[in-house]
Amino acid sequence: MASTVRVAAAQMTSINDLSFNFTTCSRLVKEAAAAGAKLLCFPENFSYVGAKSGDSLSIAEPLDGPIMTKYRSLAKESNIWLSLGGFQESGSDDSHLRNTHVLIDDSGDIRSTYRKMHLFDVDVPGGAVYKESSFTEAGEQIAAVETPFGVLGLTVCYDLRFPELYQRLRFDGGAQVLLVPAAFTTVTGEAHWEILLRARAIETQCYVIAAAQGGKHSEKRESYGDSLIIDPWGKVVGRLSDRISTGIAVADIDFALIDSVRSKMPISQHRKPAEFWRSASASL
């Protein structure tokens, strides 16, 4: 494995048009490849954002369907790995889908999948009411996969608010880089997006690549944007100048920095095991 490797995080405004979104993704893949990136991470709902809640059911399909096949071909033709977070995979019945993070290698093969665990059932203060569970099945398995970019931990959007998932990816899965494709609302993004991402990077001593939807998707839906790449010390090392423009943020993953941060502050040695907390909590 090289001592450093270049990665990129896409920022885009997907709409309810599969062809339009694929054209945008294709252009961003070309930009990332030209910049020397070996991995490009796309945001949640990269291929489709419905005009209203539940619209995505109409285009949900299996991972061997025509939509994902096009993106697999794109990865192979461009010789680049793609993180496709928040793909609308068919669920167990016609009224549900799975919000699936798909990792594709530079040969166009699916290397790993993760189905979003934490579903966005939230009454956003000053915003809309969301009920993702009304049309989405929650996943039950974490995913950490070895790649040329280190061990990647796969998550999706609202997962970001649940640090135990990221702790598991780091300390049980050996993750070195955490992927957080997202479509945060403007209200929650302004309040919490960057601080949560930097917290996850700091507490796991991992790089975090957070590709974001940004801008107005329809009359009823808008996303915060601000795609970020953050190092294990919590420093932002990749960011677009405009948080809602379409483009890519580029940075280098430095494996020596990961090792340095972890050796100088060895939290993996200092953290308490699960048995300790069961005993310590017995009197509560």
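Counting from 1, the numbers follow the sequence of the chain as shown.
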Q.
Are there over 12 heavy-atom neighbours, none belonging to Gln141, within less than 6.0 Å of that residue's CD?
A. no

Q) Excluding sequence neighbours, so at least two apart, what forms side-chain contact (heavy atoms from CB on, under 4.5 Å) with Arg262? A) Arg170, Gln176, Gln205, Cys206, Ile258

**Q.** Modelled atom types, side-chain donor and acceptor of Asn99 and Tyr158, under 3.5 Å
**A.** no

Q. Parallel, tilted or perpendicular for Trp81 and Phe149, by the 30°/60° rule?
A. perpendicular

Q. Shortest non-hydrogen contact from Ile202 to Gly234?
A. CG1-CA, 3.6 Å

Q: Identify the two heavy atoms, one from Ser223 and one from Ala183, that lie closest to each other, and give their separation to 0.1 Å.
A: OG-CB, 3.9 Å

Q | Any donor-acceptor pair under 3.5 Å from Arg6 side chain to Val250 backbone | A | no

Q: Check whether the side chains of Ser95 and Asp93 place a donor and an acceptor atom closer than 3.5 Å, and report yes or no.
A: yes

Q.
Hydrogens and angles aside, do Asn45 and Ser14 bring a side-chain donor and acceptor to less than 3.5 Å of each other?
A. no

Q.
Which residue in the set Arg98, Glu61, Glu137, Met68 passes side chain to side chain contact (heavy atoms under 4.5 Å, CB included) when paired with Glu89?
A. Arg98

**Q.** Pairing residues for Thr113 by the side chain to side chain donor-acceptor pair (under 3.5 Å) criterion, not counting sequence neighbours
**A.** none

Q. Does a donor on one side chain and an acceptor on the other come within less than 3.5 Å for Thr155 and His101?
A. no

Q: Quick one: list whatever passes salt bridge (charged side-chain N to carboxylate O under 4.0 Å, His left out) with Glu194, sequence neighbours left out.
A: Arg198, Arg239

